[in-house]
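Everything below concerns the one structure shown next.
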Number of protein chains: 2
Amino acid sequence: MNDTLKDGPDIARIASLVGDPARANMLTALMAGAALTASELALEAGVTLPTASSHLAKLMEGGLLTVASEGRHRYYGLSSPQVAGMLEAIMGVAAGVGPKRVRPGPREPKMREARVCYDHLAGEHAVKMLEALLDGKILVRDGKDIKLGKHGATHFAAIGIDVEASGKSRRPVCRDCLDWSVRRSHLAGTLGAAILDKILSEKWARREKDSRVVTFSPRGKMEFERVFLR
Amino acid sequence: MNDTLKDGPDIARIASLVGDPARANMLTALMAGAALTASELALEAGVTLPTASSHLAKLMEGGLLTVASEGRHRYYGLSSPQVAGMLEAIMGVAAGVGPKRVRPGPREPKMREARVCYDHLAGEHAVKMLEALLDGKILVRDGKDIKLGKHGATHFAAIGIDVEASGKSRRPVCRDCLDWSVRRSHLAGTLGAAILDKILSEKWARREKDSRVVTFSPRGKMEFERVFLR
DNA sequence: TTCATAGTTCGATCCTTGTCGAAGCATCTT
DNA sequence: AAGATGCTTCGACAAGGATCGAACTATGAA
């Protein structure tokens with residue numbers, strides 16, 4: 001009946017999924033990168049279990065989530081980094097136009113500084129890092145994409161990151177992801193994920209519990225800057 | 001009841017705006033870059049004018065759109081490239097794993113070059129023209145307004161445009177109008193309308209059918225540049 | 001087996017919101 | 001001044017969907 005001429009992809013369908021507060025809370029929680037159970041997500045969204053279950057079914061049908069059954073638990077996670085990127089983009093707009101910027105929130109400043117974006121680092125540190133890497137020609141922009149520079153692979157190998165290994169999947173090695181707090185790009189992709197791994201495994205920084213916030217130790221920050229911002 | 005601890009910006013609010021099919025169609029149409037009137041957007045969305053008006057008010061309140069009143073027309077456009085980027089990201093997810101198919105539309109480049117804006121010329125040519133006229137002191141900025149320069153009247157008279165005649169109505173002779181494709185001002189007002197008349201009557205250019213596109217002939221473009229861009 | 005825990009499905013309720021017709025403003029044209 | 005056009009506001013209606021309690025399924029523990 002509806003003769004709506006769809007010019008592009010069904011954008012309304014996806015956006016309406018994100019447009020419900022309960023679902024938005026769930027998705028935001030999943031931005032931290034960890035898969036969560038239905039109960040945890042229900043708590044996070046502030047709804048009962050049946051309601052959460054209904055929402056999760058819709059998100060699954062929309063292709064935004066994947067699920068892994070483990071015993072009687074079902075772990076839900078974002079289906080792709082692309083979904084995470086979309087959520088960040090929406091956050092960027094929401095933060096920019098925020099007519100009701102009620103309160104910045106206690107840990108908001110920390111979020112701006114450094115946080116987890118699905119599986120890579122975001123925030124001011126991450127933005128500066130990408131700029132430094134581009135500046136040093138270790139990474140180079142190629143139109144909309146980001147590619148490894150001439151000495152990129154050897155540079156990362158020296159740090160202890162094997163770009164080749166992470167490049168085997170279909171997922172792009174480098175990808176830019178718009179940062180909602182700083183409004184500039186940071187590095188996503190398998191390389192971005194590998195760098196976050198490095199930061200955490202070297203204990204330069206640790207993740208706050210139940211939050212996306214990443215806190216650098218004084219020494220860790222120096223190391224991070226030495227390695228990536230120089 | 002509102003115990004929703006907002007970790008970040010209010011993502012649901014923005015997403016729900018995009019989540020309605022009618023609004024999504026409007027936003028998709030505006031992705032082309034050109035500002036459209038409420039009527040055009042109603043047609044695009046497949047709803048009646050009152051409905052469209054209601055949607056546009058919501059999008060405005062959400063900060064996704066800006067509006068420029070031009071006579072009895074109201075031209076709506078995306079409020080920032082950031083919003084366009086967000087829509088692109090949503091399209092990417094909606095299209096599945098597939099690449100982003102944001103096609104500019106066949107006549108989009110032509111629209112950017114030259115188009116009708118209500119009753120005067122818009123697009124790159126129009127923007128350049130206003131700059132040249134200001135540069136030659138034929139027109140001068142007076143705060144927010146634009147006025148005729150010292151030799152303005154004689155200049156236009158030599159071309160065959162009677163500024164005095166067109167100045168009799170209450171409508172201002174000169175007025176600037178923000179160009180959505182170039183994001184700079186072009187000339188509106190009775191003088192802008194008279195110039196468009198001149199261009200069309202001299203057959204320097206013609207209007208495309210069912211479109212706002214204005215196409216210059218090779219010779220017409222030269223004439224236009226000689227008269228206005230010199 | 002029997003009980004407990006995690007999760008889904010069902011049915012009913014209730015509220016939000018998209019929708020349009022009619023009327024009201026504002027602006028331009030004649 | 002009178003009419004036409006673009007757009008908004010108002011009022012009423014209908015449909016979609018978010019929510020929860022209760023019942024049901026599945027897995028693990030006793």
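Values below: all heavy atoms of this structure, side chains included; hydrogens, waters and symmetry mates excluded. Note that the structure is a prediction, hence the values are computed from the model and not measured. Here is the naming used below: chain letters follow the sequence lines, and residue numbers restart at 1 for every chain.
Residue B:H73 places none of its side-chain N or O atoms closer than 4.0 Å to OP1 or OP2 of C:dA26. OP1 or OP2 of C:dG18 sits under 4.0 Å from a side-chain N or O of B:K58. Contact annotation: B:T48 side-chain N/O to C:dC20 OP1/OP2 distance is under 4.0 Å. Contact annotation: B:R74 reaches the phosphate of D:dT8 (side-chain N/O to OP1 or OP2, under 4.0 Å). Contact check, A:T51 against D:dC20: a side-chain N or O comes under 4.0 Å of OP1 or OP2. The phosphate of D:dA4 has neither OP1 nor OP2 within less than 4.0 Å of any side-chain N or O from B:R72.
Ring geometry for B:F228 versus B:F156: interplanar angle of 30 to 60°, hence tilted.
Closest to the A:P50 side chain, of the nucleotides C:dG18, C:dA6, C:dT8, is C:dT8. Taking every side-chain heavy atom of B:S53 into account, D:dT9 is the closest of D:dT9, C:dT9, C:dT19.
A:L49 has its CG atom 18 Å from the P atom of D:dC24, to the nearest Å. Atom P of nucleotide C:dT17 and atom CG of A:D20 are separated by 11 Å, given to the nearest angstrom. One atom, CG of A:L59, and another, P of D:dG17, lie 14 Å apart when rounded to the nearest Å. We find that CG of A:L56 is positioned 13 Å from P of D:dA18, with the value rounded to whole Å. Going from atom CG of A:L17 over to atom P of D:dG17 covers 10 Å, rounded to whole Å. One interatomic measurement links the two molecules: CE of B:M26 to C1' of C:dT19, which rounds to 12 Å at whole-angstrom precision.
When the shell of 6.0 Å around NZ of B:K198 is examined, it contains more than 12 heavy atoms from other residues, nucleotides or ligands.
A side-chain donor-acceptor contact under 3.5 Å links A:T48 and A:T51. A donor atom on one side chain and an acceptor atom on the other are not found under 3.5 Å apart for B:T215 and B:R206.
Contact annotation for A:Y75: no contact, since no heavy-atom pair falls under 4.0 Å across all strands.
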